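Here is the structure we will look at, set down as structure tokens.
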Number of protein chains: 2
Amino acid sequence: MNRQASNTGETEQVQTDGDRVCCSAEHSLSEDELAADVQLLSALGNDTRYEALRLIAGTDSDVCVCELEPALGVSQSAVSQALSRLYSAGLVSRRKDGRWRYYAATPQAERLLDALDDVRGGADA
Amino acid sequence: MNRQASNTGETEQVQTDGDRVCCSAEHSLSEDELAADVQLLSALGNDTRYEALRLIAGTDSDVCVCELEPALGVSQSAVSQALSRLYSAGLVSRRKDGRWRYYAATPQAERLLDALDDVRGGADA
DNA sequence: TGCTAATATTAGAAATTACTAATATGAATC
DNA sequence: GATTCATATTAGTAATTTCTAATATTAGCA
């Protein structure tokens, strides 16, 4: 509907050219759910953030920022921003301890990471 | 709920196991695995591509490009580029049939989408 | 009370992404 | 063979992202 339609003769007609009717496909997610999923996925879809999350999830206890900086190889500011984004995506929780902040992966994050490991494993469905 | 709403009420338990040395955290993924995961995730982390994949996965049969265009509300070129990216991320397969191309979700994609549904469901771990 | 350490925030530059318009390709139809 | 249709590719641009440097904040310590 917000299609440009500036093309040659391309209007929104049902084109019954053959056996398949070219109609619009559908899915079952609401717009909000889609947006939420994309938020989550795009939070994960960045080297720094993804590796940060893996580092956090890979530790039994929680992890302080200072442990992440050397492993990630970006500036302190970049690490902090990465963690912030993960936090607002609900992928990590944080806890203050004096001057430090400790981060831990949320159950949601754990589950997604497990799914990714699973998929990487390659077993078919 | 580990949601960000509680910005103000951050837990501040002063846990003084002061022997914490600030070393570098670790995880178990190779650099290649990390990169591959990020590729996958960033392929998913975009409105157009994610919705396209949902549309494709939500159909029993496979889906032709022309069915996606009206649903996605972007240009034909953008749809094609989105599908290309999904394809090279291994999230969809494609099949030629005359002038048409039909796309289907790969098992890998199905599993990831299931995991996302699962996580969205909210059941804890 | 000032100093330092750990982290957060801001601003702006550089890199990347995602789109549209235009054009190319390849299959079907005339 | 020319035309048309479905899709892919290319080029260019606008928008977004991600980083660094600089600065702010907050907690412990001298």
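A, B, ... follow the sequence lines: proteins, then strands. Residue 1 opens every chain. This is a predicted model, so every value here is computed, not measured.
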(Q) In whole Å, I'd like the distance from the CZ atom of B:Arg94 to the C1' atom of D:dT7. (A) 10 Å
Q) Does a nitrogen or oxygen in the side chain of A:Arg101 sit under 4.0 Å from OP1 or OP2 of C:dA8? A) yes
Q) Would you call A:Asp117 and A:Arg54 a salt bridge, taking side-chain N to carboxylate O under 4.0 Å as the test? A) yes
Q | Minimum heavy-atom distance B:Glu110-B:Ala57, with the two atoms named | A | OE1-CB, 4.3 Å
**Q.** Donor-acceptor pair under 3.5 Å, A:Thr48 side chain vs D:dT18 base
**A.** no
Q. Given C:dA22, is OP1 or OP2 found less than 4.0 Å from the side-chain N or O atoms of B:Ser77?
A. no
Q. Can you name the nearest heavy-atom pair linking A:Ala82 to A:Thr48, along with the distance?
A. CB-CG2, 4.0 Å
Q) Expressed in angstrom and rounded to an integer, what is the separation of A:Leu41 atom CG from C:dT17 atom P? A) 16 Å
Q | Residue-phosphate contact under 4.0 Å: B:Arg99 side-chain N/O, C:dT25 OP1/OP2 | A | no
Q: Tell me what B:Tyr87 touches on the nucleic acid: a base, only sugar-phosphate, or nothing, going by heavy atoms under 4.0 Å.
A: nothing
Q. Does the base of C:dT20 carry an N or O that pairs as donor and acceptor with the side chain of B:Gln81 under 3.5 Å?
A. yes
Q: Rounded off to whole Å, could you give me the CD1-to-P distance for the A:Ile56 and C:dT7 pair?
A: 12 Å
Q.
Is there a side-chain contact between B:Arg49 and the phosphate of C:dA18, meaning an N or O under 4.0 Å from OP1 or OP2?
A. yes
Q: Would you check if there is a donor-acceptor pair between the side chains of B:Arg94 and B:Tyr103 at a distance under 3.5 Å?
A: yes
**Q.** Per A:Lys96 side chain, nearest of listed nucleotides D:dT20, C:dT7, D:dT26
**A.** D:dT26
Q. To the nearest Å, how far apart are B:Asp47 CG and C:dT17 C1'?
A. 13 Å
Q: Establish whether the base of D:dT9 is bridged to the side chain of B:Ser80 by a donor-acceptor pair shorter than 3.5 Å.
A: no
Q) In whole Å, what is the span from the CG atom of A:Leu83 to the P atom of D:dC19? A) 12 Å
Q: Answer yes or no: does a side-chain N or O of A:Asn46 lie under 4.0 Å from OP1 or OP2 of D:dT17?
A: no
Q | Side chains of B:Arg85 and B:Ser42, donor plus acceptor under 3.5 Å | A | yes
Q. C:dT20 C1' sits how many Å from B:Glu69 CD, rounded?
A. 12 Å
Q | Comparing A:Arg85 and B:Ala78 on DNA chain D - which has the more 5′ nearest nucleotide | A | B:Ala78
Q: May I ask you to verify if any side-chain N or O of B:Tyr103 is less than 4.0 angstrom from the OP1 or OP2 atom of D:dA8?
A: yes
Q. Nearest-Å distance, CD (B:Glu51) to P (C:dA18)?
A. 15 Å
**Q.** Whole-Å gap separating C1' (D:dT7) and CG (B:Asp62)
**A.** 15 Å
(Q) Ignoring hydrogens and geometry beyond distance, is a side-chain donor-acceptor pair present between B:Ser80 and B:Gln76 at under 3.5 Å? (A) no
Q) Does A:Gln76 get its side chain close enough to the base of C:dA6, under 3.5 Å, for a donor-acceptor pair? A) no
